[in-house]
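Below: the structure, in structure tokens.
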Amino acid sequence: MPWAAEGGAGPFSAVYVSDDVTLDFDQADGGFPVLHYAFRVNDDTFDGIVTRLRELRIPFRSAPHGQADGAIGRYGGGRLVYWNDPDGHVWEALTVSYARRGG
């Protein structure tokens, strides 16, 4: 499989599992101190995630890195939000795919 196909999002190489599932792989040397998990969800699920983050007082942000700003980010006509778990791994919920415009 060719690495980081032309038009990919950042350093990722997308593997399309189905119309609804894409696995994005990143090539790196050494260990993985922090991992990033991204899930494309519909608008209702996204709203539910943000509501639960607020209810549980889990700090979230509009960008992959940086301070929690409690804001929802925008990308490609959709919305996205990031937060960290206790081990520092980055979680992301987004409503528009990076790789599949319009989906």
Side-chain angles (χ1 to χ4, degrees):
M1 173 176 90
W3 189 257
E6 188 174 318
F12 302 107
S13 186
V15 175
Y16 302 104
V17 177
S18 71
D19 288 340
D20 296 323
V21 176
T22 304
L23 299 176
D24 291 315
F25 291 91
D26 188 2
Q27 185 174 0
D29 296 323
F32 292 92
V34 173
L35 297 175
H36 181 148
Y37 301 95
F39 296 91
R40 181 175 54 107
V41 297
N42 63 36
D43 286 316
D44 291 338
T45 301
F46 184 90
D47 292 338
I49 290 169
V50 171
T51 296
R52 286 190 298 277
L53 290 169
R54 287 181 174 140
E55 287 173 351
L56 295 170
R57 297 179 187 232
I58 296 172
F60 62 91
R61 59 192 177 276
S62 57
H65 305 288
Q67 297 295 320
D69 58 12
I72 294 170
R74 302 280 178 189
Y75 174 81
R79 301 177 293 160
L80 46 77
V81 66
Y82 301 87
W83 68 97
N84 291 69
D85 69 19
D87 292 323
H89 300 297
V90 178
W91 292 79
E92 174 184 3
L94 64 156
T95 60
V96 173
S97 171
Y98 294 114
R100 298 180 189 191
R101 295 293 172 120

Drop me the distance from R74's CZ to T95's OG1, to the nearest 0.5 angstrom.
8.0 Å

How close do S62 and I72 get, heavy atom to heavy atom, and via which atoms?
CB-C, 3.8 Å

Grab the two heavy atoms, one from H89 and one from L35, that are nearest each other, plus how far apart they are.
ND1-N, 2.9 Å

Would you name the heavy atoms of A38 and L94 that are closest together and state the gap between them?
CB-CD2, 4.2 Å

When the ring planes of Y82 and H36 are compared, do they come out parallel, tilted or perpendicular, using 30° and 60° as the limits?
perpendicular

Residues in side-chain hydrogen bond (donor to acceptor under 3.5 Å, both in side chains) contact with W83, at least two apart in sequence or another chain:
none

Which value, rounded to the nearest 0.5 Å, describes the distance between H65 atom NE2 and N84 atom CG?
9.0 Å

Sorted by first residue and then second, give each salt bridge (charged side-chain N to carboxylate O under 4.0 Å, His left out) pair with at least one member in residues 45-71; sequence neighbours left out.
D47-R79

Euclidean distance, L80 CG relative to F39 CZ, rounded to 0.5 Å:
15.0 Å

Using side-chain hydrogen bond (donor to acceptor under 3.5 Å, both in side chains) as the criterion, list what pairs up with D44, not counting sequence neighbours.
none

